[in-house]
Amino acid sequence: MSQPFYITTAIAYPNGKPHIGHAYEAIATDAIARFQRLNGREVCFVTGTDEHGLKMDQTARAAGKATRDLADEMSLYFKQMCKTLDISYDHFCRTTAENHHTASQAIWKRLEASGDLYLDRYEGWYSVRDEAYYDESELTDGEEGQKLSPQGTPVEWTVEESWFFRLSKYEQPLLEYYAANPDFIRPDSRKNETVKFVEGGLKDLSVSRTSFDWGVKVPGSENHVMYVWLDALTTYISAIGFPNETEEWRKFWPASVHIIGKDIVRFHTVYWPAFLMSAGLPLPKMVFGHGFLLSRGEKMSKSLGNVVDPIELAQLFGVDALRYFLLREVSFGQDGSYSPEAIVTRVNADLANSFGNLAQRTLSLIFKNCEGRLPANGGHHDDDNALLELIGNAVSKQIPAHFEDLAMSQALEAWMQAVFACNAYVDVQAPWALKKTDPERMETVLATLFMCIAQLAIAALPIIPGSATKLLDQMGVPNEARNFADAGTHWYAQLAESGFQIAQPIGLFPRLELPAEEGVAA
RNA sequence: GGCGAAGUAGCUCAGCUGGUUAGAGCGGUGGAAUCAUAAUCCAUAGGUCGGGGGUUCAAGUCCCUCCUUCGCUACCA
């Protein structure tokens, strides 16, 4: 019986098209999900769009569209991005969906039943232009004594009726939970931040708005819509059936891990667990805050004109090249830097030159020298056994351990070390020379390489699913062997006996060239 | 201001709970090889691990301080 594994990305706010940050999160989450499937777990992978809130409303108005239409349109971009990038989600959730509204209202009622909601007034300096409240300390004095927001817009003292959530009540329970579950927040630096924040004291949270109506209606207070985060976070449970006791719900909640950006750690590690505690539901096992991608070390922004469209990147360099680059080059949890030069260099060195060429040279030798069958395994030498052991250890131990730890870059580093070992082995054994001196030995060497390359391709499936699958298909590796437990088993002899023949091998990782035009920004 | 992250070979970065001659990739240099996507393999490059102080038998690895860069500071992944 396989152990369920439930993983989510953050639910993206689609008031603009997806950018490389969304792509990065989706790719990283997808790699983990794919790994767990290959690791024998039953996986549920959820992503989606968080379509409520003021900004969507404003963006739509500015574009002269109905908010609902904008949401439909934008949400589609995110879905397309997932398709382009080979994101293997099980559910794509939209917060505007009816079942999601039902779920949000259900959790609201639970908070209310726990006595954690109360109606009060929200007062403060409000800027109509910014549609935001500011603290007194943030304001500056403008002309004629008019107070101004940090953005320089006029503010006025405003009183708004609002529902509040007794967040303060959960200060101690949260701290106790963090202490009892050291892996709840990762990486550690994010945990430290969160703990410090909570220790600093929690104020009750305003969880409804009356100033606009694009959202989930508050049960019993129809002029209120729910705070967008309360609604958005609920996606993680509405996606798998809540409030209904569906099979998925019973199987997958609590989530194994929420993968999110470092900027929204607080919502996921303070508010979300507090809501769940209040609702009497179990808490997710882990929240992982990944870093940001920088363009040549600089933050990406529209004004700098260095915003990158992930779809364009994928078209330019290839989906798997992009996936590989992001997961290999960036240490998961830390910020990383992107540039066309970096991706070309990394992908050419690792995928084209090292791994791709290894597969190509090996399969070519087999194709040309073995009369269309797989080479015979004529008894291994020490060198062969050493290589098989090294690859087996990498594929069955090191790489899965790193994946399990969400350390994709380290998994790939171990993977590359194994690739290097294979290339070194090829050069030492020189099968092209054995062809004349000792054909039997040549076949054994090629058979050894075949088994190693297949294992390496299997280990790479979570990262570069498309091309790894193509390679395994070329090699005829049976589906039953394409997972971490069975990659190193004895499928080879059976495959060879089956009479399987490889065709003229086709290179799967073409060398990339730097685009002629500087940068690829839109 | 507060909190946090980072500063390690030319470049991009690994270095967990302190312990033999500080690591990898890329680049550079010198060889080897020619099966393969002009790809591969071997060797090599002498970096005061931001500065200073301290703890310790022993510190990139702990403490203090200073400098630099960056993020967050209650509702934009």
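Sequence lines set the chain letters: A, B, ... in the order given, protein chains first and strands last, and positions in each chain run from 1.
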Is a salt bridge present between [X] and [Y], judged by a nitrogen-to-oxygen distance below 4.0 Å?
X: Arg186(A); Y: Asp405(A); answer: yes
X: Arg94(A); Y: Asp50(A); answer: no
X: Arg346(A); Y: Glu341(A); answer: no

Paired with [N]: which nucleotide, if any, by Watson-Crick or G-U wobble criteria at under 3.5 Å for both distances?
N: rC49(B); answer: none
N: rA24(B); answer: rU12(B)
N: rU55(B); answer: none
N: rU68(B); answer: rA6(B)
N: rU37(B); answer: none
N: rU29(B); answer: rA43(B)

| query | So, do Tyr13(A) and rA77(B) meet the stacking rule of ring centres under 5.5 Å and planes under 30°? | reply |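 So Tyr13(A) does not count as stacking on the base.
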Return the value, rounded to whole Å, for the distance between atom [atom1] of [X] and atom [atom2] of [N].
X: His290(A); N: rA77(B); atom1: NE2; atom2: P; value: 10 Å
X: Ile11(A); N: rA77(B); atom1: CD1; atom2: P; value: 12 Å
X: Asn348(A); N: rG25(B); atom1: CG; atom2: P; value: 17 Å
X: Glu199(A); N: rG4(B); atom1: CD; atom2: P; value: 11 Å
X: Gln429(A); N: rU40(B); atom1: CD; atom2: C1'; value: 15 Å
X: Leu202(A); N: rU73(B); atom1: CG; atom2: C1'; value: 14 Å
X: Tyr425(A); N: rC42(B); atom1: OH; atom2: C1'; value: 18 Å
X: Glu51(A); N: rC76(B); atom1: CD; atom2: C1'; value: 16 Å

[M] and [N], which share atom name [atom1], separated by this distance in whole Å:
N: rC49(B); M: rG4(B); atom1: P; answer: 25 Å
N: rG53(B); M: rA59(B); atom1: P; answer: 14 Å
N: rA5(B); M: rU55(B); atom1: P; answer: 26 Å
N: rA32(B); M: rU8(B); atom1: C1'; answer: 33 Å
N: rA9(B); M: rG47(B); atom1: P; answer: 10 Å
N: rG18(B); M: rC76(B); atom1: C1'; answer: 42 Å
N: rA22(B); M: rU29(B); atom1: P; answer: 26 Å
N: rC11(B); M: rG50(B); atom1: P; answer: 14 Å

The contact string for nucleotides 7-16 of chain B, one letter per nucleotide 5' to 3', using protein heavy atoms under 4.0 Å with B, S and - for base, sugar-phosphate only and none, comes out as -----S-S--
Expected string for nucleotides 28-39 of chain B under the B/S/- scheme (protein heavy atoms, under 4.0 Å, primed atoms plus P, OP1, OP2 as sugar-phosphate) is -----SSBBB-S
Should Glu51(A) and Thr95(A) be marked as a side chain to side chain donor-acceptor pair (under 3.5 Å) after you check the CA-CA gap, both sets of side-chain angles, and the distance that decides it? CA-CA 6 Å; Glu51(A) 304 170 19; Thr95(A) 56; 5.3 Å; no
Problem set entry | NZ or CZ of Lys191(A) within 45° of Tyr178(A) ring axis and under 6.0 Å |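 Judged by the rule (NZ or CZ under 6.0 Å from the ring centre, within 45° of its axis), Lys191(A) is not positioned above Tyr178(A).
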Please evaluate residues Asp204(A) and Lys169(A) with respect to the criterion salt bridge (Lys or Arg N to Asp or Glu O under 4.0 Å), reporting the C-alpha separation (whole Å), side-chain torsions for both, the decisive distance (0.1 Å), and the verdict. CA-CA 8 Å; Asp204(A) 288 351; Lys169(A) 179 175 152 188; over 6 Å; no
Does [X] reach a base, just sugar-phosphate, or nothing at all? Heavy atoms under 4.0 Å.
X: Ala12(A); answer: nothing
X: Phe420(A); answer: sugar-phosphate
X: Asn423(A); answer: sugar-phosphate

### Query
Taking everything shown except Glu440(A) itself, do over 12 heavy atoms lie less than 6.0 Å from its CD?
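Incorrect, the count does not exceed 12.
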Taking atom CG of Asp473(A) as the centre, report whether more than 12 heavy atoms of other residues, nucleotides or ligands fall under 6.0 Å from it.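 More than 12 heavy atoms, drawn from other residues, nucleotides or ligands, come within 6.0 Å of this atom.
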**Asked** Can you list the steps and then say if His52(A) with Tyr13(A) is a side chain to side chain donor-acceptor pair (under 3.5 Å)?
**Response** CA-CA 8 Å; His52(A) 293 310; Tyr13(A) 202 74; over 6 Å; no
| message | Need to verify one output field. Residue with the more 5' nearest nucleotide on RNA chain B, Glu25(A) or Asp350(A)? | response |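 The answer here is Asp350(A).
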Assign each of Lys203(A) and Val428(A) to its nearest nucleotide of RNA chain B by heavy atoms, then name whichever residue's nucleotide is nearer the 5' end.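 Of the two residues, Val428(A) wins.
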Can His224(A) and Thr210(A) be said to form a side chain to side chain donor-acceptor pair (under 3.5 Å), step by step?
CA-CA 5 Å; His224(A) 289 248; Thr210(A) 55; 5.7 Å; no
Q. So do the side chains of Val330(A) and Phe325(A) get within less than 4.5 Å of each other, counting heavy atoms only?
A.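 A side-chain contact under 4.5 Å is absent here.
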Within the structure provided, determine whether Tyr227(A) and Trp163(A) are in side-chain contact (heavy-atom separation under 4.5 Å).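 SC-SC contact between Tyr227(A) and Trp163(A) ruled out.
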Note to self: Using O4'-C1'-N9-C4 for purines and O4'-C1'-N1-C2 for pyrimidines, with syn meaning within 90° of 0, is rG60(B) syn or anti?
What the structure shows: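 Nucleotide rG60(B) adopts syn.
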